[in-house]
Each structure stands twice: as C-alpha cells, then as structure tokens.
Amino acid sequence: MTGRADGGLAASGPLAGGVAEAEYTNGELQTIVAARSLAGKRSCFIGVGRPSTAALLARMVHNPKLVLVYESGTIGAKPYHVPLSIGDGELAETADLVVSVPEMFNYWIGPGQVQVAFLGAAQIDPQANLNSTVIGEYEHPRTRLPGAGGAPEIATGCEEVVVIAPHSKRTFVQELDFRTTRGDRTTLVITDLGVLRPVDGELTLTTLHPGVSVEQVRENTGWDLKAVASVAVSPAPTSEELAALRELVSR
Amino acid sequence: MTGRADGGLAASGPLAGGVAEAEYTNGELQTIVAARSLAGKRSCFIGVGRPSTAALLARMVHNPKLVLVYESGTIGAKPYHVPLSIGDGELAETADLVVSVPEMFNYWIGPGQVQVAFLGAAQIDPQANLNSTVIGEYEHPRTRLPGAGGAPEIATGCEEVVVIAPHSKRTFVQELDFRTTRGDRTTLVITDLGVLRPVDGELTLTTLHPGVSVEQVRENTGWDLKAVASVAVSPAPTSEELAALRELVSR
Amino acid sequence: MAQLVSLSEAIAETVHDGDSVALEGFTHLIPFAAGHEVLRQGRRDLELIRMTPDILYDQMIGVGAARRLVFSYGGNPGVGSLHRFRDAIEHGWPRPIEVEEHSHAGMANRYVAGASRLPFMVMRGYTGTDLAAHTNVRPITCPFSGEELMAVPALNPDVAIVHAQEADRDGNVQLWGIPGVQKEALLAASRTVVTVERTVERIEQRPGGVVIPGWVIDFVAESPGGSLPSYAAGITQRDNNFYREWDVISRDREQFQAWMEAHVLGGVTA
Amino acid sequence: MAQLVSLSEAIAETVHDGDSVALEGFTHLIPFAAGHEVLRQGRRDLELIRMTPDILYDQMIGVGAARRLVFSYGGNPGVGSLHRFRDAIEHGWPRPIEVEEHSHAGMANRYVAGASRLPFMVMRGYTGTDLAAHTNVRPITCPFSGEELMAVPALNPDVAIVHAQEADRDGNVQLWGIPGVQKEALLAASRTVVTVERTVERIEQRPGGVVIPGWVIDFVAESPGGSLPSYAAGITQRDNNFYREWDVISRDREQFQAWMEAHVLGGVTA
C-alpha cells in the first residue's frame with residue numbers, strides 16, 4: 001500500500017524517439033529507468049503500481065535473482081502478473097517465505113535486511129522528504145491522502161530509497177503540507193522527465209529523459225531546481241526492455 | 001527445563017496403605033495428588049519429570065481436554081510417553097501448535113494465557129519463593145544449579161502456580177541462598193508428605209498424606225511450620241489412578 | 001473454549017455501541033461478512049481500529065457507524081482513494097470522525113504490545129516526521145546506550161474479529177497465506193470472533209499455516225465467502241474488479257447509500 | 001548470498017579466538033557437529049552464548065574453550081547437572097569462567113532486540129528476584145502508564161551457528177519441529193553458519209516450516225546427523241540414552257578428557 005507512484009502509462013504522452021528507434025511513452029521510460037536502477041541490487045522493497053512493474057521488469061531483463069519484498073509479508077515473491085494489490089494471492093504463493101506484519105517491520109525492514117526501497121508520494125521537497133498524509137492543514141485537510149503506511153520505517157530502514165513520482169509542481173514542492181517520511185536515504189528520484197539525485201543535501205537534476213529540456217523540468221518543479229554542470233541523458237529504451245515491459249503489462 | 005521436581009518414584013519409600021486397599025509409594029501419591037489438582041483446569045505449563053507425569057495422568061483420569069504447554073514452544077502437546085526432555089519429538093508432533101521461544105514467553109506465558117504452572121525447585125521459603133540458581137554464595141557457589149530457565153516469568157505470568165518438591169529440610173528453608181523466582185501466585189505446594197497452601201502469606205500445612213503425622217512434616221521443614229486447625233488427609237490413590245499411573249510410566 | 005455459533009449471534013454477543021473494534025486482515029482474509037453483520041445490527045459510535053481501512057471500513061464509516069478511526073493506511077489498494085473515508089474527514093459526512101493515525105510499523109508494534117499485555121513497545125520511528133506531533137507516541141531513552149527511541153502504546157481492543165479458512169469443532173482455527181496481524185489482534189482483544197470458510201473434523205497444519213487454539217477465542221462462526229471481495233487463500237479469489245468498481249460506487253453519497261441498502265443492510269435501518 | 005562450503009571451511013571463515021558465538025537450538029537441532037569442529041580447530045577464549053547450554057556446551061567448557069558463558073538454563077535436560085559446567089564455575093577447572101545469566105524470557109527478548117537491531121527490549125521480569133542484581137538488566141518506566149518494567153540489552157553475537165533439516169543450492173534453509181530462537185540468533189549475528197542434514201533441489205515449505213532466505217546467511221555446510229545426540233525432527237532421533245550416559249562420562253575429569261579425545265578431538269590438541 002506504500003510506494004504507489006501515481007500516473008499510469010496511459011496518462012503519459014509520447015516523446016519523440018529521436019535517439020531510440022522505437023516509439024515509447026515517457027511513462028514507459030520512467031518504468032524502464034527505475035528497472036535499470038535495480039541492476040546489481042540484492043533485494044528491493046516495493047509497493048503496487050509503477051514500482052511493482054519496474055521491479056518485475058528488472059527481474060526479467062537485468063537481475064533475475066532480485067528478491068522482491070512486499071510489506072504484506074511476502075519475501076522473495078515471483079509474481080507473473082503485475083499485482084493490483086500488495087495482498088494478491090500470487091505474491092504469497094510464489095514467495096520464498098511469508099511472515100507476519102510485525103515480523104516484516106521488526107526483523108526485515110527495520111534492521112536493514114532489504115537493500116533498496118521504491119517509494120511514491122503526493123509531495124516531495126528538495127530534501128526528498130515525502131508527504132502522503134494530507135494536502136492542506138492536518139486538522140482540516142483539503143485532500144485527505146491514505147497516510148503513512150509502511151513508508152516512514154521503510155525509508156529509514158532500507159539502505160537506499162528510490163522515489164518514483166510524476167514530475168509536476170503539485171508534487172515537487174518547496175514546502176510539504178505534512179512530513180510523513182524522511183528523505184535522508186533517498187539516492188534517486190525518477191520522474192517522467194528525468195532523474196534527480198541529492199547533491200549537497202538538495203535534490204538536483206542529473207539526468208534528462210531523451211527530448212526533455214532542463215527548462216521543461218524546471219517549469220514542472222516547485223522550487224528553484226539546480227542542475228549538475230553536465231546533465232546526462234537517459235539511454236532510450238532498448239527494444240528488449242520495451243518488448244519485455246509491454247509483454248509484462250499485457251499479461 | 002524448568003519445573004523439574006527432583007525425586008524419582010524409586011527414591012520414595014512405601015507408605016502403609018491403611019486407608020487405601022492398594023500398596024503405593026509416597027512418590028506415586030505425590031504425582032496422583034498433583035494430577036488431581038488439574039481437574040477442571042483449562043491449561044497447564046509443565047516441565048519434565050514428575051510434573052509431566054502428573055499432567056499426563058490428569059489427561060488420562062481427570063481432565064482429557066487439559067492443554068499441556070511446554071516452554072520449548074509446544075502448545076496442546078498430547079504425548080503418549082512421559083517425555084525425557086521438553087524437546088522430545090513427540091511433543092511437537094502431537095501439539096496443536098508449535099511456536100518460537102520468544103512467542104512462547106511474549107504471547108502465551110507473559111500475558112497469562114496459560115492457567116496453571118507446575119514448578120520445582122532446589123529450595124523453597126515460607127513465602128513460596130524458589131531457588132534454582134546456587135547453593136552457597138552466588139560468586140563462589142557450593143553447588144551450581146541449572147539456573148532460572150523459564151521459571152521467573154512463568155511464576156508471574158500464570159494465574160496459579162503449583163510447586164512439586166520432595167519434603168526435606170534441605171529444600172524447605174527459612175532463607176533461600178538465592179531468590180530465582182517469586183512465590184506470589186503459588187496456591188499449592190505438593191510434597192511427598194502432604195500439601196501446603198499460603199495462609200496469610202505463609203505456607204501452611206493443610207493436608208497430610210495418609211499415614212503421615214504433622215510432627216513428621218515439621219521435622220522435615222526448615223522453618224517453624226504452621227498447620228491449619230483441622231488438617232485434612234489426602235484420599236489414598238484409587239485403583240483407577242494407580243493403574244493409570246503405573247501403565248503410564250511403563251510405556 | 002470457543003463456542004460455535006451463527007454469525008449474528010457471535011456479533012450480538014460481542015459488539016456493543018461505543019466499543020473499540022478491530023476487524024483485521026492485511027489485504028487478505030478481510031472479515032467483510034462480520035463487518036456487514038455489525039452494520040445490520042445497527043451498532044453505533046464505534047472506535048474502528050485497523051491498519052489498512054479499505055472498502056469495509058469505507059462502508060462502515062460511510063453509514064456513520066464510527067466515531068473514531070485508528071489506522072495506518074486508508075486507501076483502496078491499487079486503485080486510489082477511499083471516498084467515504086475522505087468525505088468523513090474532509091466534510092464530516094455523515095458525521096465527523098476523530099482520527100488517530102500511525103505508521104504500519106507503529107500499529108504492528110501496538111498490537112504486539114497488546115498481545116504481550118505490555119503497556120508499550122519500543123521502535124525506531126516517527127522521529128523527524130510530523131506524525132509524532134499528531135499522534136500518541138512518546139520518546140523513550142535506552143537505559144544501556146542512551147539512544148532515544150520511540151514508544152508506542154499497546155492496542156487492546158474491546159473486540160477483535162478476523163476471518164480464517166477453517167476451524168474444527170473445538171474452535172481451533174487455521175489460516176494460511178498472508179497472516180497479517182490477526183494473531184496479535186486476537187490475543188490483544190477482550191472479546192474475539194473468528195469467521196471461517198468451513199468447519200473441519202480435524203485441523204491438519206498446512207505449510208505457512210497459523211493455528212490459533214480455540215481456548216483463546218470466544219466465538220467461531222461459519223461464513224463461507226466471508227472475506228469477499230477480499231479473499232481466503234486457496235478457497236476464494238480476490239475480486240479485483242469490485243475494488244475498481246467501488247471507486248465509482250463510493251464517489252457519490254446517494255449512490256453509496258443505495259448500494260449499501262441493496263447489498264448490505266437489506267432494508268434494515270442501520 | 002550463502003556460500004555452500006564444507007563444515008571445516010565454514011567454521012574457519014567465521015569463528016576466531018575471542019569471538020562471541022551463539023550455537024542455538026532449543027532442545028532440538030543442537031549444532032553438535034559444528035561445535036565439535038570449533039573445538040577441533042582449537043578456538044579459545046570464546047564467549048559462548050546459548051539459552052540452554054547442555055551437553056555441547058558442557059564439552060566446550062570442559063576442554064577450556066570458553067572464557068565466558070551467557071545463558072539461562074544450564075542442565076542436562078531430564079537428567080540433572082552438567083558436570084563440566086559445574087566444575088568450571090565451582091572449581092575453575094580447567095579454567096575459571098565468567099557467567100552472565102538471565103531467565104529464558106530475558107534471553108529470548110535479548111535475541112529479539114538483536115534481530116530487530118534495537119538496543120534493548122522491554123518485558124515484565126527480574127523484579128523481586130536476586131537475578132536483577134547479578135546480571136545486566138535495567139529498570140525502565142512506561143512513558144504512558146508510569147509502570148516500571150525491565151529492559152534487557154540486545155544480543156548481537158559475532159557468530160551464530162544453527163542446524164537445520166535442509167537447504168537448497170542458493171542456501172535458502174528450512175527447519176521444522178521446535179523452532180526455538182534460531183531465526184532470531186541468525187538475524188542478530190554478524191556472521192552466520194547453518195549446517196544441514198541434506199541439500200535439496202528446491203525447498204517445499206512444510207507444515208510448521210521456518211524458511212530462512214540464503215541472503216541473510218553467510219555459509220551453509222552439509223552435515224548429516226549434525227545435531228546428534230540431539231535430533232532433527234523427521235530425520236534423526238534424539239539419543240536419550242546418550243544424555244543419560246553423559247551424566248557418567250562427564251562426572252570425572254579424566255574420563256571426560258579421554259572421551260573427548262576419542263570421540264571429538266581425534267588426536268588434535270585443542
């Protein structure tokens with residue numbers, strides 16, 4: 001229930017594939033970049049939505065031994081379908097072990113047994129702190145969001161946190177309405193426009209997706225976003241990545 | 001490993017069976033009296049030795065639904081043989097559920113889910129406090145005993161504690177060498193001579209086994225033992241009890 | 001020792017107006033049938049406790065049965081918002097609802113403390129978030145290392161209700177698949193109800209099976225399909241379509257009320 | 001990811017002189033073969049940690065491998081005293097041994113804290129006993145209720161060694177029967193060894209099976225019968241006679257030494 005990144009594939013517009021040969025959406029590229037970040041990793045904590053798709057894709061293309069952990073208690077799940085909920089039966093059926101929720105947080109997440117976490121959020125600030133609680137005032141919210149779920153302890157338990165979020169001023173804000181989750185361990189923020197990383201404690205643009213400009217990213221960020229001196233460009237999806245992703249979501 | 005009452009059957013001398021028709025040893029009677037104390041009880045925590053024999057006898061004669069709990073994690077064990085150790089395979093194989101040791105203490109013993117506990121000890125004082133740690137000084141013990149095991153938390157977690165011990169001045173002492181386990185919840189002390197219960201916070205003789213005198217009990221107690229005004233006499237073993245016990249130990 | 005009774009009897013004997021009630025089941029084995037029975041019996045002013053209030057609690061909140069909600073994640077898993085939960089918090093409809101929220105780790109440890117009959121548990125968490133100021137946790141210092149950690153208070157609901165796959169005639173229960181916090185919720189509560197898919201002659205322990213002895217359960221009630229549209233692993237399937245449909249049904253107050261009347265309350269005025 | 005190696009390699013890679021070592025197994029799956037290998041490799045000055053030091057630790061103490069013992073019950077289960085353990089404490093033979101003792105509940109919670117990487121756990125216990133003054137526990141006050149409880153410090157051994165029924169080729173391990181504190185000991189330790197009865201192609205989870213993923217284990221070594229005279233449920237039988245015989249063998253220092261030389265050390269000077 002945690003880590004659901006908003007923004008389905010359908011919502012993403014196509015980007016001109018000047019570099020790549022195939023056509024793809026920016027949502028597809030976001031998922032593919034997230035999957036690539038799991039190459040060489042041992043284990044990953046994931047929620048449903050894009051993080052789940054990315055992690056399944058990573059197991060298909062980059063890292064067949066990657067251990068998927070869901071907060072429902074399933075460790076080493078090997079789902080064939082992208083799960084709708086973190087409680088889908090396939091997760092427990094294919095897991096190496098299934099533990100209770102207290103054990104999941106006390107023995108696995110809290111002590112750092114899981115290496116990488118994928119998280120999402122409604123708001124993220126320049127220090128990568130996250131809000132998934134309310135928009136507006138806590139006592140009288142304009143929008144009541146689902147709440148913390150597992151995110152706060154996942155974000156302080158796992159070694160590295162990867163945030164997956166749609167790039168907009170509504171999401172990338174100077175000041176959170178509520179700080180649900182700390183950003184200390186965030187190493188990567190992957191959006192549909194590019195990739196940010198913490199530089200001197202502040203999220204900084206380091207990579208653009210093909211066809212996206214620095215200005216375009218700045219226009220969609222709610223603070224005065226810095227960029228590194230030479231911003232890289234994400235390699236366009238390979239045909240293998242794209243074929244695997246499309247096969248995966250069509251299952 | 002806790003609750004082992006010393007003194008095997010073989011060590012007990014025969015008591016004249018003036019009341020009963022059958023011959024029996026005082027060790028047998030002690031076990032039978034302990035088994036009777038479990039009539040109407042829901043669950044019992046037991047260690048190996050006489051407590052195990054008594055609890056198995058209770059399931060045969062008085063209380064077939066009695067739930068046996070061993071600190072090794074076996075809940076609802078239904079062993080056919082009196083186990084040598086609390087880890088005997090038969091306990092896990094016949095249990096309703098088997099839990100880890102942390103769960104046993106944190107979810108079952110500590111919160112009082114188990115009603116009665118049978119405990120043994122090397123020393124017991126007038127307030128039913130128990131010593132199973134050392135004889136002599138702690139730093140330079142004359143005899144190093146096994147130690148606390150589960151007893152301290154069992155004795156404060158279970159609703160009622162029944163102590164089973166051989167009646168001698170070595171065991172029934174005015175002052176413990178070491179207080180391992182608190183006596184607050186002890187309702188019954190069953191020996192090979194009779195039964196003591198707390199009266200105004202002090203263990204007091206309430207019942208004699210057939211053929212035993214108040215003087216005999218006092219001679220074997222290390223403090224100035226009080227007795228209630230009219231001391232009862234334990235009913236001698238019935239032929240059913242005796243037959244069941246002998247069949248049980250011969251298995 | 002558990003009594004095997006009907007679902008309506010189990011609920012009538014255990015749930016009273018004003019009670020704190022935990023209907024648990026972490027994304028699996030959610031006790032929908034029992035929750036619906038609570039509504040049909042017209043219970044009011046409940047303190048509803050649940051790590052993941054999803055559709056069932058959306059329904060209970062939407063009919064106005066709850067005065068308070070204790071939770072850690074209120075969403076429609078994989079779909080989005082819970083509209084009745086949001087409407088109650090954002091607009092006080094059909095009645096204002098008091099909220100106490102935690103993280104999952106906090107709620108899980110509150111149940112552990114409750115099951116252990118300890119007043120609190122210790123964890124690392126809440127520090128550096130706005131949650132700490134808006135909920136009931138308190139700092140605690142390690143007496144060995146001096147590290148400051150967080151204490152969360154025990155959860156001991158008046159009533160815990162869970163769903164499981166099977167029970168035997170003594171009320172011993174077995175569930176398997178994702179086990180969630182059901183064992184802890186049962187051991188923490190004063191009164192307990194387990195609904196089951198089926199009654200069996202004898203429980204054969206399964207791989208991953210969690211067995212709960214009948215002597216820590218008050219009432220067991222047969223309720224086949226009792227966790228639908230959630231599921232009981234190995235017996236029923238999660239109705240993912242209904243979770244999506246609920247997003248539509250629950251958006252509109254009148255449509256929600258009509259649906260509840262037709263499918264849950266059945267003419268009973270809750 | 002666990003490496004599958006020989007027992008001697010697993011011990012050589014993990015256990016060094018002076019280490020704190022927990023060989024766990026609560027009355028079941030006691031890792032005798034691994035403990036004997038530690039002795040054959042001549043390790044010294046160990047801090048031995050174990051809830052129930054029984055025959056294996058009696059042997060390790062008796063040959064003088066331990067400088068310190070952390071435990072909660074030191075007896076020969078169902079038989080009586082551990083004579084080497086007593087001789088070391090009562091007479092300092094073959095060397096004096098430092099002792100830190102707890103209750104079972106205390107030791108179990110120390111492992112829980114260790115596995116959770118928390119500095120301590122909270123429990124009710126020790127109060128009103130002489131244990132509190134002779135061991136490392138400290139009072140702690142509930143920040144909600146004001147109740148005074150007891151804190152026990154985390155156990156995080158340098159090395160944990162356990163025995164299990166089976167492992168697959170990725171080092172995933174399954175044990176069943178009485179599970180004890182083995183999972184906690186493995187998760188709490190810096191280095192870990194699991195000896196197994198057999199290697200299997202694929203782990204099929206059993207009723208009551210505890211699965212531990214290979215990525216939290218350093219070394220897995222095949223050791224058929226590796227828990228005898230203890231046992232591995234479903235595979236070997238507990239040798240109750242040997243537990244009784246040990247009472248005789250271990251009473252006398254010379255007889256003990258001869259037995260160890262003949263059956264464990266095999267000519268190696270420990």
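Predicted, not measured: the structure shown is a model, and the values here were computed from it. Throughout, a chain's letter reflects where its sequence line sits, starting with A, and its residues are numbered from 1.
The distance from the CD atom of A:Glu153 to the OH atom of C:Tyr126 is 6.5 Å, given to the nearest 0.5 Å. To the nearest 0.5 Å, atoms CZ (C:Phe26) and CD1 (A:Ile86) are separated by 4.5 Å. In this structure, the separation between CG on C:Leu131 and OG1 on A:Thr181 is 8.0 Å, given to the nearest 0.5 Å. Rounded to the nearest 0.5 Å, atoms OG1 (A:Thr133) and CD (C:Glu101) are 5.5 Å apart. With values rounded to the nearest 0.5 angstrom, C:Thr27 atom OG1 is found 12.0 Å from A:Tyr70 atom OH. If you take CD1 on C:Ile178 and CD on A:Glu93, they are separated by 9.5 Å, rounding to the nearest 0.5 Å.
Chosen from A:Arg182, A:Arg179, A:Met104, the residue pairing most often with chain C at heavy-atom distances under 4.5 Å is A:Arg179. The most heavy-atom pairs under 4.5 Å with chain A, out of C:Arg244, C:His134, C:Arg124, come from C:His134. The residue among C:Trp176, C:Tyr243, C:Tyr231 with the most heavy atom pairs within less than 4.5 Å of chain A is C:Tyr231. Between chain A and the residues C:Val181, C:Ile89, C:Leu82, the most heavy-atom pairs under 4.5 angstrom are made by C:Ile89. Counting heavy-atom pairs closer than 4.5 Å to chain A, the top-ranked of the candidates C:Arg86, C:His28, C:His91, C:Lys183 is C:Arg86. Each of A:Gly157, A:Gly73, A:Ser72 has some count of heavy-atom pairs under 4.5 Å with chain C, and the biggest count is that of A:Ser72.
Only the side chain of A:Glu139 has a heavy atom closer than 4.5 Å to any heavy atom of chain C. For C:Thr127, the parts lying near chain A are the backbone and the side chain together; criterion is any non-hydrogen pair under 4.5 Å. Interface residue C:Arg238: only side-chain heavy atoms are found under 4.5 Å from chain A. For A:Thr143, the parts sitting under 4.5 Å from any heavy atom of chain C are the backbone and the side chain alike. Interface remark: C:His102 contributes backbone atoms only to the contact with chain A (heavy atom separation under 4.5 Å). Heavy atoms of A:Leu145 lying under 4.5 Å from chain C belong exclusively to its backbone. For chain C, the nearby parts of A:Ser100 are the backbone and the side chain; heavy atoms of each come within less than 4.5 Å. Heavy-atom distances place the side chain of C:Glu184, and not its backbone, under 4.5 Å from chain A. Heavy-atom distances place the side chain of C:Phe85, and not its backbone, under 4.5 Å from chain A. Contact annotation for A:Asn106: only side-chain heavy atoms (C-beta onward) come within less than 4.5 Å of a heavy atom of chain C. C:Ala105 touches chain A through backbone and side chain together, each having a heavy atom under 4.5 Å away. Only the side chain of C:Asn109 comes within contact range of chain A, with heavy atoms under 4.5 Å apart. When heavy atoms are compared at a cutoff of 4.5 Å, A:Val134 does not approach chain C at all. Interface remark: C:Met51 contributes side-chain atoms only to the contact with chain A (heavy atom separation under 4.5 Å). Only the side chain of A:Tyr138 comes within less than 4.5 Å of a heavy atom of chain C; its backbone N, CA, C and O stay farther away.
Heavy-atom contacts from other residues, nucleotides or ligands closer than 6.0 Å to CD of C:Gln237 number 12 or fewer. Annotation for A:Glu175: atom CD does not count as buried by contact number, only 12 or fewer foreign heavy atoms lying within 6.0 Å. Around atom CZ of A:Arg170, no more than 12 heavy atoms belonging to other residues, nucleotides or ligands sit under 6.0 Å away.
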For this session: Show your working on side chain to side chain contact (heavy atoms under 4.5 Å, CB included) between C:Asn240 and A:Asp88 and close with a plain yes or no.
Result: CA-CA 9 Å; C:Asn240 280 343; A:Asp88 277 18; 4.0 Å; yes
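Using cut-offs of 30° and 60° for the angle between ring planes, the A:Phe105 and C:His104 rings count as perpendicular.
Looking at A:Arg144, its side chain never comes within 3.5 Å of a backbone N or O of C:Ala88 through a donor-acceptor pair. Remark: side-chain polar atoms of C:Tyr111 are not paired, donor with acceptor, to backbone N or O of A:Pro102 under 3.5 angstrom.
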